[in-house]
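Every chain is numbered from 1, with letters handed out A, B, ... down the list of sequences. All of these numbers come straight from a predicted model, not from anything done at the bench.
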Protein chains: 2
Amino acid sequence: MIPSQLLKGTLEGCILAVIRKKPTYGYEIAQQLAAYGFGRIAEGTIYPLLLRLEKSGAVRAELRPSELGPNRKYYALTDRGGEELAAFMASYAELTGAVDRLLADTQREDEEP
Amino acid sequence: MIPSQLLKGTLEGCILAVIRKKPTYGYEIAQQLAAYGFGRIAEGTIYPLLLRLEKSGAVRAELRPSELGPNRKYYALTDRGGEELAAFMASYAELTGAVDRLLADTQREDEEP
DNA sequence: GAGACTACTTTGTGATACAATATAGCTGTC
DNA sequence: GACAGCTATATTGTATCACAAAGTAGTCTC
């Protein structure tokens, strides 16, 4: 299980990435994230996050009927959202670069006693 | 610059990793993190975090005089801290695994139009 | 009509990075 | 000896965000 604190900030970028692949709706996003190995992301996390993204102009929402079940709110990435996704990927690379360098050093200490 | 939200949860594990390499004190930890590429971590972040770790039993503190400047509070990793570090590394690997799979898929869409 | 699955919303809570501020010792310079 | 600048720690208040919980509502199967 990934602790919720570790997901902070990451989830927003990842949802942008999921939407970029193909416009989709909240419920399916949650399932995709689970399939990618994020674990179960609560509805109370997904939906407020999508509303934030819509309000900030990173995504555009469109209501469509579902063949089975209630209506779906499909989200598509805007240009602004594409820029945010690029910024996230850069920050994420910066973070993992720093962490990986540090953890590599931590490892090294074991090997040379 | 790494946004503060992305650091959440990560910093605690990384500080444990720094301390594991060699017992050290807050001020130097901040400098080491900056050197690894984390950017400048505010004092208001480092010191409360170290106090939390001490209170939780992950680290042990010892006050030592400095050759130059005020006293330093050296922190050393406890067994409990070592376990927490291992747990962090596992969670971190889980997270980066999921994100990397997702971002790889996002990339792939570009290549095959 | 009861349960299960789909699908979205809202409210309140907890964790945590950070800005700002305070304190204090040491060094060097003018 | 006053002042700047670096070292070193602590505290207070704030903003952000993931989540639990509860609610609403549609479809399907038994």
Calculate the interatomic distance between [X] atom [atom1] and [N] atom [atom2]; express it in whole Å.
| X | N | atom1 | atom2 | value |
| --- | --- | --- | --- | --- |
| L11(A) | dA15(C) | CG | C1' | 16 Å |
| I15(A) | dC17(D) | CD1 | P | 12 Å |
| R72(A) | dC8(C) | CZ | P | 8 Å |
| M1(A) | dA20(D) | CE | C1' | 13 Å |
| L68(A) | dA4(C) | CG | P | 18 Å |
| R40(B) | dA20(C) | CZ | P | 11 Å |
| L53(B) | dA10(D) | CG | P | 13 Å |
| L6(A) | dC17(D) | CG | P | 16 Å |

Measure from the side chain of [X], starting at C-beta and using heavy atoms only, and say which of [options] lies closest.
| X | options | answer |
| --- | --- | --- |
| T45(A) | dA7(C), dA18(D), dA8(D) | dA18(D) |
| P70(A) | dA25(D), dT9(C), dT11(D) | dA25(D) |
| L7(B) | dA17(C), dA8(D), dA18(D) | dA17(C) |
| R52(A) | dT11(D), dC17(D), dC19(D) | dC17(D) |

> How do K73(B) and E12(A) order along DNA chain D: which one's closest nucleotide is nearer the 5' end?
Replying inline: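 Result of the comparison: K73(B).
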
>> Which is more 5' along DNA chain D, the nucleotide nearest N71(A) or the one nearest K8(A)? Just name the residue.
In response: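 Whichever sits nearer the 5' end wins; that is K8(A).
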
> Is there a donor-acceptor pair closer than 3.5 Å between any side-chain N or O of T78(A) and the backbone N or O of G57(A)?
Replying inline: yes

Under 4.0 Å between any heavy atoms, over every strand shown, what does [X] touch: base, sugar-phosphate, or nothing? Just pick one.
| X | value |
| --- | --- |
| L50(B) | nothing |
| I41(B) | sugar-phosphate |
| I46(B) | nothing |
| G26(B) | sugar-phosphate |

Considering all heavy atoms, the nearest [X]-[Y] contact:
| X | Y | value |
| --- | --- | --- |
| L50(B) | I29(B) | CD2-CD1, 4.0 Å |
| Q5(B) | G9(A) | CB-CA, 4.1 Å |
| R60(A) | L77(A) | NH2-O, 4.2 Å |
| Y75(B) | A61(B) | CE2-CB, 3.7 Å |

> In terms of side-chain geometry, is the basic nitrogen of K73(A) or E54(A) positioned less than 4.0 Å from the acidic oxygen of its partner?
Replying inline: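 Yes, charged N to carboxylate O under 4.0 Å.
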
Within the structure, does a side-chain N or O atom of [X] lie under 4.0 Å from either OP1 or OP2 of [N]?
| X | N | answer |
| --- | --- | --- |
| Y25(A) | dA7(C) | yes |
| Y47(A) | dT10(C) | no |
| S66(A) | dA7(C) | yes |

> Starting at the 5' end of DNA chain C and moving along, which residue's nearest nucleotide shows up first, Y27(A) or E43(A)?
Replying inline: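 Taking each residue's closest nucleotide, the earlier one in sequence belongs to Y27(A).
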
